[in-house]
Engineer: 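Sharing a structure, written as structure tokens. Questions coming.
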Amino acid sequence: MGRGKYKSKPTGHRQFSTPEDLLAGTSSRPQTFSKREAERDEVEVDFVASSEEESGDESEGHEEKKKGIQGIIEIENPNLVKSKTVKARDVNMGRTTELSRREREELEKQRARERHMRLQEQGKTEQARKDLERLALIREQRAEAAKKREEEKAAREQKKVEARK
């Protein structure tokens, strides 16, 4: 079989392993990823098992088997989320639950917003006072403009009456 450096076409001559190559283990077929992972896992399990046998004399309590290198390195990770599951028999019904900082801040914001809106409706805040002053000024201007229009209308009516005579 002519095994050269380059293929003539991608769909061209295919190369198959012969049964002799397969038996000899000299096949050009690469190992798959899953086989490599399985071998790596076997090596890790052997290493973890040997380290547990050595440390088994010191602690005879029940320990969970950890994956990968977690069993080798014992660290306290503050970002690690610990399960908050509580069994029904361990629940204390009389105890009140404490709010988290974010929940407390959110409640404080809501209460402050409600208090501000009440004061706003009553006109006790600085912004409400300014708004009321502005509204009063606008009402005065509109009343003056309406009065002026009435006077002009009356003057026109007066001119029409004088023109008829």
Side-chain angles (χ1 to χ4, degrees), residues 7 10-11 29-165:
K7 285 186 179 180
T11 59
R29 181 174 167 233
Q31 290 184 335
T32 61
F33 179 74
S34 60
K35 286 183 181 178
R36 283 187 231 139
E37 281 294 315
E39 289 174 4
R40 191 175 301 134
D41 289 343
E42 288 174 11
V43 170
E44 287 180 4
V45 168
D46 291 340
F47 181 72
V48 170
S50 65
S51 66
E52 285 180 358
E53 289 174 2
E54 294 170 2
S55 65
D57 300 334
E58 298 167 2
S59 62
E60 296 179 7
H62 178 69
E63 293 182 13
E64 295 180 13
K65 188 172 184 179
K66 299 185 179 181
K67 295 181 181 179
I69 60 170
Q70 290 177 349
I72 299 170
I73 304 171
E74 293 294 329
I75 57 170
E76 184 61 31
N77 185 356
N79 297 325
L80 182 66
V81 178
K82 295 174 182 157
S83 62
K84 295 182 180 180
T85 55
V86 178
K87 294 184 180 177
R89 65 175 181 219
D90 297 336
V91 174
N92 186 357
M93 296 303 285
R95 186 177 63 118
T96 59
T97 58
E98 296 178 13
L99 298 175
S100 67
R101 178 184 58 85
R102 288 183 181 169
E103 292 170 337
R104 274 195 314 270
E105 288 175 357
E106 187 64 30
L107 283 174
E108 289 172 6
K109 282 182 185 178
Q110 287 177 353
R111 289 181 185 142
R113 196 175 306 126
E114 290 172 3
R115 186 175 60 249
H116 180 72
M117 292 305 289
R118 268 190 260 116
L119 291 174
Q120 189 83 3
E121 289 172 0
Q122 295 171 0
K124 293 183 178 179
T125 63
E126 190 67 31
Q127 183 180 0
R129 287 187 195 122
K130 288 179 182 177
D131 290 343
L132 291 173
E133 289 173 9
R134 199 175 311 123
L135 284 173
L137 182 65
I138 290 171
R139 285 184 185 141
E140 286 177 22
Q141 291 173 350
R142 288 181 181 170
E144 289 174 9
K147 195 177 203 182
K148 196 174 187 181
R149 279 193 302 260
E150 289 293 325
E151 289 174 1
E152 289 175 0
K153 190 175 182 181
R156 276 188 259 139
E157 291 286 329
Q158 189 68 23
K159 285 183 182 180
K160 284 183 183 178
V161 171
E162 291 176 6
R164 288 185 188 165
K165 291 184 182 180

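Residue numbers run from 1 in the order of the sequence given. No hydrogens, no waters, no symmetry mates; every other heavy atom, side chains included, goes into these values.
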Engineer: What closest approach, in Å, do Arg129 and Lys124 show between heavy atoms, and which atom pair accounts for it?
Structural biologist: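 It is NH2-O, 3.0 Å.
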Engineer: Which value, rounded to the nearest 0.5 Å, describes the distance between Glu140 atom CD and Leu135 atom CG?
Structural biologist: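 Reported value, rounded in 0.5 Å steps: 11.5 Å.
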Engineer: Would you name the heavy atoms of Ala128 and Gly123 that are closest together and state the gap between them?
Structural biologist: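 Looks like CB-CA, 3.7 Å.
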Engineer: Applying salt bridge (Lys or Arg N to Asp or Glu O under 4.0 Å), run through Lys153 and Glu150 and close with a yes or a no.
Structural biologist: CA-CA 5 Å; Lys153 190 175 182 181; Glu150 289 293 325; 5.5 Å; no
Engineer: I'd like to check Asp131 versus Gln127 (side-chain heavy atoms, cut-off strictly below 4.5 Å). Are they in contact?
Structural biologist: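 The answer is yes, as the side chains (C-beta and beyond) meet within the 4.5 Å cut-off.
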Engineer: Once you round to the nearest 0.5 Å, how far does CG of Leu119 lie from CD of Glu114?
Structural biologist: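 Reported to 0.5 Å precision, the distance equals 12.0 Å.
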Engineer: Okay, side chain of Glu103, backbone of Ser100: is any donor-acceptor separation there less than 3.5 Å?
Structural biologist: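 The answer is yes, because a donor-acceptor pair under 3.5 Å joins these two groups.
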Engineer: I need the Glu126 CD to Gln120 CD distance, nearest 0.5 Å.
Structural biologist: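 The CD atom of Glu126 sits 11.0 Å away from the CD atom of Gln120.
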Engineer: I need the minimum non-hydrogen distance between Leu99 and Arg104, along with the two atoms involved.
Structural biologist: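 Residues Leu99 and Arg104, closest heavy atoms: O-NH1, 2.9 Å.
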Engineer: Might you confirm whether atom CD of Glu98 has over 12 heavy atoms from other residues, nucleotides or ligands at distances under 6.0 Å?
Structural biologist: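 No, because the 6.0 Å sphere around CD of Glu98 holds 12 heavy atoms or fewer from other groups.
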Engineer: So how far is it from Glu162 CD to Lys159 NZ, rounded to the nearest 0.5 Å?
Structural biologist: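 Rounded to the nearest 0.5 Å, the CD-NZ separation comes to 9.0 Å.
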Engineer: Is there a salt bridge (Lys or Arg N to Asp or Glu O under 4.0 Å) between Lys148 and Glu152 once you walk through the steps?
Structural biologist: CA-CA 6 Å; Lys148 196 174 187 181; Glu152 289 175 0; 5.2 Å; no
Engineer: Roughly how far, to the nearest 0.5 Å, is the NE2 atom of His116 from the CD atom of Glu121?
Structural biologist: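 The distance works out to 10.5 Å.
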